[in-house]
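Here the structure is laid out as structure tokens; the discussion comes afterwards.
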Amino acid sequence: MKHGMIIIGFGNQGQWHYENIRDRIGDIEVIGAYDIRSERMELARKFGLRTFSTPQEVYACTDADIILVATPNHVHKQYSIEAMRAGKNVVCEKPVCMNCDELDEVLAVASATGMIFTVHQNRRWDADYCVVKNILREKLVGKPYFIDSRLFGCKGLPGDWRSARVAGGGMLYDWSVHLIDQMVDLIDSKPISVYVDAVNVHFPDVDDCNRISVRFENGVRYQIVVDSWCYIGEGRWHICGDDGTAVVPVWGGTDGKVMKANIKEIGWEEGFIFTSNGRSSTMAPRPVENLREFSAPIPELPRWESFYENFIKVVEGKESLLVSHEDNRLVMKILDACFRSVHSGNAERIETE
């Protein structure tokens, strides 16, 4: 059975979904699109898609049972609720909503209508993330205590709705939410608190750059860095554990490295490092023969197509959602605490109950 989809919001991301579903997902046919901009509707018609004049026309279309919501963030809740009340299943772009209270309204409608609702958290399928997940699963660095997840760009925010607070603009909503979702999927422990430094570099209304520090109940400290004005970046991942260190330097890459010690205990006075201003034994490197370096194993990488394949099977009653409601709620709870930290200047508790 082929499922029909209509895209609400045929911007760059909506177009990306259309082209990739068309080329890679056999069980879904995108039949139409709706956008408030006439030029985007003209583009949709050039693709051979049916266009709609109002959201109500979209909901009334009997040829589609799935709606993709790819609009600016502040109207995700509205379109998702309207679509489900009209009997449509919904895939929503991230961030799912502006806050967890909005998400709870959406999930209440999903429960009441019996429609399937999920969020397109596509960065769970990034190759670098899958390598890191495997490093932790295989305990290659022992018990982790610091994890750094970092992304750097140097073009700033687009000067469209992403730079407007009212529309849900800013890097916390745009990119940090992806890395928070990866964190939620990666760390099997309760997040306790979060502290955020968010900077307005070019757009005074929203953050261009942010650094997020999260403490987990199991002792892990997790830092997320997103910077859209940085011309010299750092490696994508850095993981410190009690039995080794791992790095995965490139976003989307699989080239990871693990460093471990052959001898765990080493004499305090074995070796010094000398600088012009003094010496140190604590910061002296270990002897080379005391270390073992190896490439991080590359796991079987999951296919992005499995996101939509899973969604279809959930619609057909055959599977459970890969991107669960529980995960989406936790992501939004953390994001809510991030914004509280931005405003208070303090670390904030993450209310997970």
Discussion item. Quick one, Arg124 with Asp181, criterion salt bridge (charged side-chain N to carboxylate O under 4.0 Å, His left out). Give me CA distance, side-chain angles, the key distance, then yes/no.
Written reply: CA-CA 8 Å; Arg124 292 191 184 190; Asp181 179 72; 2.8 Å; yes
Worksheet item: Can Met5 be reached from Val323 by stepping across I, L, V, M, F, W or Y side chains whose heavy atoms are under 4.5 Å apart?
Response: yes
Worksheet item: So, Ser341 side chain and Ala337 main chain: donor-acceptor pair closer than 3.5 Å or not?
Response: no
Worksheet item: Under 30°, 30 to 60°, or over 60°: which ring-plane class applies to Phe47 and Tyr18, parallel, tilted or perpendicular?
Response: tilted
Discussion item. Lys139 vs Asp243, test: salt bridge (charged side-chain N to carboxylate O under 4.0 Å, His left out). Steps then yes/no.
Written reply: CA-CA 9 Å; Lys139 302 185 184 333; Asp243 190 35; over 6 Å; no
Worksheet item: Salt bridge check: are Asp174 and Lys94 linked by an N-O gap of less than 4.0 Å?
Response: yes
Worksheet item: Do other residues, nucleotides or ligands put more than 12 heavy atoms under 6.0 Å from the CG atom of Asp104?
Response: yes
Practice prompt. Grab the two heavy atoms, one from Cys209 and one from Met171, that are nearest each other, plus how far apart they are.
Written response: N-CG, 4.4 Å
Discussion item. With salt bridge (charged side-chain N to carboxylate O under 4.0 Å, His left out) as the criterion, how do Arg211 and Asp197 come out once you've worked through the C-alpha distance, each side chain's angles and the decisive distance to 0.1 Å?
Written reply: CA-CA 5 Å; Arg211 293 174 182 261; Asp197 271 324; over 6 Å; no
Item to complete: Compare all side-chain heavy atoms of Thr352 with those of Pro191 and state whether any distance is below 4.5 angstrom.
Response: yes
Discussion item. Could you tell me if Ser193 and Arg349 have a donor-acceptor pair between their side chains, going purely by distance under 3.5 Å?
Written reply: no
Practice prompt. Please step through side chain to side chain contact (heavy atoms under 4.5 Å, CB included) for the pair Val194 and Ile212, ending with a clear verdict.
Written response: CA-CA 7 Å; Val194 61; Ile212 303 170; 3.5 Å; yes
Item to complete: Can you establish whether the number of heavy atoms outside Ile192 located under 6.0 Å from its atom CD1 is more than 12?
Response: yes
Worksheet item: More than 12 heavy atoms of other residues, nucleotides or ligands under 6.0 Å from NZ of Lys318: is that the case?
Response: no
Worksheet entry | For Ser306 against Trp125, the heavy-atom pair lying closest together | OG-NE1, 2.8 Å
Discussion item. A side-chain contact here means heavy atoms from C-beta on lying under 4.5 Å apart; do Met183 and Ile334 qualify?
Written reply: yes
Worksheet item: With respect to Trp251, which candidate in Phe152, Trp237, Tyr129, Trp175 satisfies the ring pair (Phe, Tyr, Trp, His ring centres under 6.0 Å) definition?
Response: Trp175
Worksheet item: Is there side-chain contact between Leu49 and Val30, with heavy atoms separated by less than 4.5 Å?
Response: yes
Fill in: Within 6.0 angstrom of Asp23 CG, more than 12 heavy atoms from elsewhere
yes
Discussion item. So that I know where these two stand, are Phe10 and Phe52 an aromatic pair - ring centroids less than 6.0 Å apart?
Written reply: no
Worksheet item: Is the side chain of Asn73 donor-acceptor paired with the backbone N or O of Gly168 at a distance under 3.5 Å, no angle test?
Response: yes
Discussion item. Closer than 3.5 angstrom, by distance alone: can the side chain of Tyr79 be matched with the main-chain N or O of Thr71 as a donor-acceptor pair?
Written reply: no
Fill in: Residues that Asp208 engages under salt bridge (charged side-chain N to carboxylate O under 4.0 Å, His left out), provided they are two or more places apart
none
Worksheet item: Between Leu291 and Asn262, what is the shortest heavy-atom contact and its length?
Response: O-ND2, 3.5 Å
Discussion item. If I take atom CD from residue Gln15 and atom CG from residue Asn12, how far apart are they, to the nearest 0.5 angstrom?
Written reply: 6.5 Å
Worksheet entry | Over 12 non-hydrogen atoms of neighbours within 6.0 angstrom of CZ in Phe146 | no
Worksheet item: Distance from Phe311 atom CZ to Ile25 atom CD1, nearest 0.5 Å?
Response: 12.0 Å
Item to complete: Without swapping roles, check the side chain of Asp336 against the backbone of Cys100 for a donor-acceptor pair under 3.5 Å.
Response: yes
Worksheet entry | Side chain to side chain, Ile312 and Ile28, heavy atoms closer than 4.5 Å | yes
Practice prompt. Kindly give the heavy-atom pair with the smallest separation between Gln182 and Asp126, and that separation in Å.
Written response: NE2-OD2, 4.1 Å
Item to complete: Using distance alone, with no hydrogens and no angle criterion, decide if Ser344 and Glu348 have a side-chain donor and acceptor under 3.5 Å apart.
Response: yes
Discussion item. If you apply the rule side chain to side chain donor-acceptor pair (under 3.5 Å), what do you find for Glu316 with His3, and how did you get there?
Written reply: CA-CA 10 Å; Glu316 296 175 352; His3 296 261; 3.0 Å; yes
Worksheet item: Taking the six-membered ring for Trp, are Trp304 and His120 parallel (under 30°), tilted (30 to 60°) or perpendicular (over 60°)?
Response: perpendicular
Item to complete: Begin with the C-alpha distance, continue with both residues' side-chain angles, and end with the deciding distance and a verdict on side chain to side chain contact (heavy atoms under 4.5 Å, CB included) for Asn89 and Ile67.
Response: CA-CA 6 Å; Asn89 302 295; Ile67 302 298; over 6 Å; no
Discussion item. Under a 3.5 Å distance rule, please check whether Ser80 uses its side chain to pair with a backbone N or O of Lys77 as donor and acceptor.
Written reply: no
Worksheet item: Angle class for the Tyr308/His17 ring planes (parallel below 30°, perpendicular above 60°, tilted otherwise)?
Response: perpendicular
Worksheet item: Can you tell me how far the CD1 atom of Ile6 sits from the CD1 atom of Ile66, to the nearest 0.5 Å?
Response: 10.5 Å
Worksheet item: Measuring from Leu179:CG to Arg123:CZ, what's the distance to the nearest 0.5 Å?
Response: 9.5 Å
Discussion item. Please say yes or no: joined through hydrophobic side-chain contacts below 4.5 Å, possibly via intermediate residues, are Val247 and Val132 part of one cluster?
Written reply: no
Fill in: Hydrophobic cluster membership, Ile187 vs Val225, 4.5 Å side-chain cutoff
no
Discussion item. Are Trp229 and Leu157 connected into the same hydrophobic cluster when the rule is that any two of I, L, V, M, F, W, Y join if their side-chain heavy atoms are below 4.5 Å apart?
Written reply: no
Fill in: salt bridge (charged side-chain N to carboxylate O under 4.0 Å, His left out) between Lys2 and Glu29, worked out
CA-CA 7 Å; Lys2 181 162 281 196; Glu29 179 183 3; 5.3 Å; no
Fill in: Under 3.5 Å donor-acceptor, Asn310 side chain and Leu321 backbone
no
Worksheet item: Aromatic rings Phe117 and His325: how do their planes relate, parallel, tilted or perpendicular, breaks at 30° and 60°?
Response: tilted
Worksheet item: Going by heavy atoms in the side chains, are Val196 and Phe339 under 4.5 Å from each other?
Response: no
Fill in: Rounded distance (nearest 0.5 Å) linking atom CG of Asp242 with atom OH of Tyr145
8.0 Å
Response to the item:
Correct closest heavy-atom pair for Cys230 and Cys154 would be O-CB, 3.3 Å
Item to complete: Indicate the atoms forming the closest heavy-atom contact of Val258 with Leu140, along with that distance.
Response: CG1-O, 3.9 Å
Practice prompt. Could you check if a side-chain atom of Tyr222 sits within less than 4.5 angstrom of a side-chain atom of Ser149, using non-hydrogen atoms only?
Written response: yes
Item to complete: Could you note down all residue pairs passing side-chain hydrogen bond (donor to acceptor under 3.5 Å, both in side chains) where residues 293-303 supplies at least one of them, sequence neighbours left out?
Response: Arg303-Glu309
Fill in: Test item: Asn99 side-chain N/O and Glu102 main-chain N/O as donor-acceptor pair under 3.5 Å
yes
Discussion item. Could you measure the distance from the CG atom of Leu43 to the CZ atom of Arg37? Nearest 0.5 Å is fine.
Written reply: 10.0 Å
Worksheet item: Does a sphere of radius 6.0 Å around CZ in Arg162 hold more than 12 heavy atoms from other residues, nucleotides or ligands, not counting ones at 6.0 Å or beyond?
Response: yes
Worksheet item: Quick one: does Thr245's side chain have a donor or acceptor within less than 3.5 Å of a partner on Met259's backbone?
Response: no
